[in-house]
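Below: one structure, written as structure tokens.
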Amino acid sequence: MTKFKRTTVTSALPYANGPVHIGHLAGVYVPADIYVRYLRLRGEDVIFIGGSDEHGVPITIKAKKEGLTPQDIVDRYHNIIKKSFEEFGISFDIYSRTSSKTHHDTASDFFRKLDAKGEFIKQKSEQYFDQVANQFLADRYITGKCPHCGNENAYGDQCEACGTSLNSTDLINPKSTLSGSTPIMRETEHWYLPLDKHETWLREWILDNHKEWKTNVYGQCKSWLDMGLQPRAVSRDLDWGIPVPADNAEGKVLYVWFDAPIGYISNTKELLPDSWEKWWKDPESRLVHFIGKDNIVFHCIVFPAMLKAEGSYILPDNVPANEFLNLEGDKISTSRNWAVWLHEYLLDFPDKQDVLRYVLTANAPETKDNDFTWNDFQTRNNSELVAIYGNFVNRTLVLTQKYFDSKVPECGELSDYDKEVLERISSIKNQVSKQLDEFHFRDALREAMNLARTGNKYLADTEPWKLAKTDMTRVGTILNVSLQLAANLSIAFEPFLPFSSRKLRGMLGI
RNA sequence: CGCGGAGUGGAGCAGUGGUAGCUCGCAAGGCUCAUAACCUUGAGGUCAGUGGUUCGAACCCGCUCUCCGCAACCA
């Protein structure tokens, strides 16, 4: 860690065809924000990059359905998402978007450079084409009869009735879900990034040099590398996106998975037009990607291969991917509208950002999928946040007001117990740091909570309300120690509960 | 037999060979500044199932079951 001078933190770009929900927050944005706030607190040089991912087929389909342009759709969701992140306290240094001019230029330049270096290959293939909608169709957008079970509504990639994986060419009577017409086969040509050529160094880089990555991340990468990498298309036939900057590229745009991660770079450029390069090209800079488990392969294999092919960029030092969060036992689903939407939460629970931040961190899906329930939300708020943290602060402040007119009392001679408690402050802070350095957010939060527990026990053991009748000097010392605990509580919790910490610092006058 | 992650007291999680821990909940007691509380103690688990390795297995190996993700044209 000390060998790095600065840290570039990115969080997955949310796809701008819907608002952000608690699953996104728990998996990506809350841990990323905690990590960034922690580094800032330590005085480290860090930037936190976010933005909306605004290209791709689903956005064009949604636009068509609503009779709007794709730009209308992404404008709507970009604004909702950006505003809700701000209100929720996700402290991006920049939250931009992939439809920006900076990004179009950056992504185009990136493609041109790889093209000029001969890092792509071109391949022709046959694909289903919808003559009515006038576009090529991904397997997902074709339905038909499943050749295995006869289900009439199987998708081109999978039959949901029998669970079989399919190719769209397997379907009997294929139909386009866009127009309902029968698609025809048509030849098309695309640019491919030959990942197979990068396999050797990727193996060594991940499997030998990054054994410290989380088991889910490392295991997924190993699985892909062991299967053998194949060339991957980086362009699509579509009219919404970044036009492929090459000859004979009419009607072709960059595939969103080529375009989106470059968004991290573009957004850094937009934030720091003159100094962005050191954050991406200096070997003393550390790059960390926060993502969900569905994005592992793109951030650990595809994007690094792109960066390496370009030649002048650093590679990610860590990719702490989380698993998924369920809601009341069911998968969160945008299309089924089964989610707790951030912008709605902020309306329903005004000034309760920290409660959700706390619950999502305490129950973060770090090693496996977890479940969010409103019952758990309420319990954790009442029995942990309010009862332990809030109560200790309240007790300390009330006692100080009652006996010392809200002035900080002098610290007299310290007992062994006092000293032990004060030592615990620094040992707990060290533990919190250690856990955060290793991306163990749940453990870090639990450890921080121990500071409040220590405080409650300290008050129960020393009983200042009894001593007040006989020894005010001693009471003063006890409350002085308690106030020190409270002050340190505001620091230890700053990355996790920034709103509460600010409020607490206000009450303590620090 | 495609690959990866996960299955531990009522709930959520830790624990990679040596008497099964933490938070919440529950019960009893204490305290009374705080009472949607705090402090102490306690009850509660055949560690998914099964077979094996070992003096000894939650942990190592085999098989089975369940949940989630990936499977290269979903993003």
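We name chains A, B, ... by the order of the sequence lines, and we start the count at 1 in each one. Values reported hereafter were calculated over all heavy atoms of this structure, with side chains retained and with hydrogens, waters and symmetry mates removed.
- Ranking A36(B), C74(B), C68(B) by closeness to the Lys331(A) side chain, first place goes to C68(B).
- In the model, Asn322(A) has a side-chain atom that pairs as donor or acceptor with a side-chain atom of Lys214(A) under 3.5 Å.
- At a threshold of 4.0 angstrom between heavy atoms, the contacts of Asp369(A) are confined to the sugar-phosphate backbone, with no base atom among them.
- Residue contacts shown for Thr396(A) are absent, as no nucleic acid heavy atom lies under 4.0 Å away.
- Helical stems involving RNA chain B, defined as 3 or more consecutive Watson-Crick or G-U pairs under 3.5 Å, span B:2-7 with B:65-70, B:10-13 with B:21-24, B:26-30 with B:38-42, B:48-52 with B:60-64.
- Across all strands, Ala460(A) comes closer than 4.0 Å only to sugar-phosphate atoms, never to a base (heavy-atom distances).
- In terms of phosphate contacts, Arg380(A) brings no side-chain nitrogen or oxygen within less than 4.0 Å of OP1 or OP2 of U23(B).
- Aromatic ring centres of His190(A) and Tyr255(A) lie farther apart than the 6.0 Å criterion allows.
- Minimum heavy-atom separation, Phe496(A) to Ala444(A): CZ-CB, 3.7 Å.
- Distance from the side chain of Ala138(A) is smallest for C73(B) among the nucleotides G25(B), C73(B), C38(B).
- Contact annotation for Lys293(A): base contact, defined as any heavy-atom pair under 4.0 Å involving a base atom.
- Applying the 4.0 Å criterion to OP1 and OP2 of G12(B), one finds that Thr379(A) has every side-chain N and O outside that range.
- Taking atom C1' in both C1(B) and A72(B), the straight-line distance is 22 Å, to the nearest Å.
- Inter-residue side-chain proximity for Asn450(A) and Glu447(A) is flagged as met; some heavy-atom pair is nearer than 4.5 Å.
- Rounded to a whole angstrom, the distance from the C1' atom of G29(B) to that of G5(B) is 45 Å.
- Considering only side-chain N and O atoms, Lys457(A) lies under 4.0 angstrom from the phosphate OP1 or OP2 of U40(B).
- Sequence neighbours left out, the pairs with a member in residues 374-402 of chain A that pass ring-ring contact (aromatic ring centres under 6.0 Å, His included) are Phe349(A)-Trp374(A), Phe349(A)-Phe377(A), Phe372(A)-Trp374(A), Trp374(A)-Phe377(A), Tyr389(A)-Phe493(A).
- Annotation: C65(B) and U40(B) have their C1' atoms spaced 43 Å apart (nearest Å).
- Looking at heavy-atom distances under 4.0 Å, Asp294(A) makes contact with a base.
- Between the side chain of Glu384(A) and the base of C24(B), no donor-acceptor pair under 3.5 Å is found.
- For Lys368(A), there are no side chain to side chain donor-acceptor pair (under 3.5 Å) partners at least two apart in sequence or on another chain.
- When heavy atoms are screened at a 4.0 angstrom cut-off, Asp53(A) is found touching the sugar-phosphate backbone but no base atom.
- Among the nucleotides C38(B), A6(B), C24(B), the one closest to the side chain of Asn391(A) is C38(B).
- Interface residues of residues 226-239 of chain A facing RNA chain B, ordered by number: Gly228(A), Leu229(A), Gln230(A), Arg232(A), Arg236(A); criterion, heavy-atom separation under 4.0 Å.
- For C74(B), neither phosphate oxygen OP1 nor OP2 lies less than 4.0 angstrom from any side-chain nitrogen or oxygen of Tyr255(A).
- Look at the P atom in both G49(B) and U66(B): the space between them is 15 Å, to the nearest Å.
- When the nucleotides C39(B), C70(B), G12(B) are ranked by their closest atom to the side chain of Trp224(A), C70(B) comes out on top.
- Minimum atom distance to the side chain of Lys466(A) is reached by C31(B), of the listed G69(B), A75(B), C31(B).
- Residues Trp465(A) and Asn450(A) both approach RNA chain B. Their nearest nucleotides, taken by heavy-atom distance, put Asn450(A) toward the 5′ side.
- Among the heavy atoms of the strands, none lies under 4.0 Å from Phe392(A).
- Rounded to whole Å, the C1' atom of U46(B) lies 30 Å from the corresponding atom of G4(B).
- Nucleic acid contact for Lys222(A): none, since no nucleic acid atom lies under 4.0 Å from a heavy atom of the residue.
- Set against C68(B), A14(B), A75(B), the side chain of Phe298(A) has A75(B) as its closest nucleotide.
- Annotation: G45(B) and A34(B) have their C1' atoms spaced 35 Å apart (nearest Å).
- Within the structure, salt bridge (charged side-chain N to carboxylate O under 4.0 Å, His left out) pairs that include any residue of residues 124-134 of chain A do not occur (at least two apart or interchain).
- Among G69(B), A75(B), A6(B), the nucleotide with an atom closest to any side-chain atom of Gln220(A) is G69(B).
- For Glu366(A) (side chain) and Arg442(A) (main-chain N/O), a donor-acceptor pair under 3.5 Å exists by modelled atom type.
- The gap from the P atom of C22(B) to that of A43(B) amounts to 12 Å, rounded to the nearest Å.
- The residue among Asn216(A) and Asp376(A) whose nearest nucleotide of RNA chain B lies closer to the 5′ end is Asn216(A).
- Side chain of Phe324(A), nearest nucleotide from G5(B), C68(B), A14(B): C68(B).
- Two rings, from His299(A) and Trp257(A), have their centers less than 6.0 Å apart.
- Atom name C1', nucleotides C33(B) and U23(B): the rounded distance is 25 Å, in whole Å.
- Aromatic ring pairs are classed by plane angle as parallel below 30°, tilted from 30° to 60° and perpendicular above 60°; the pair Tyr29(A) and Phe85(A) is tilted.
- Under the side chain to side chain donor-acceptor pair (under 3.5 Å) criterion, Trp213(A) pairs with His210(A), sequence neighbours left out.
- Considering only side-chain atoms of Val57(A), the nucleotide from A75(B), A6(B), U23(B) that sits closest is A75(B).
- Using cut-offs of 30° and 60° on the angle between ring planes, the pair Tyr95(A) and His78(A) is parallel.
- Taking every side-chain heavy atom of Val256(A) into account, A75(B) is the closest of A75(B), A72(B), G5(B).
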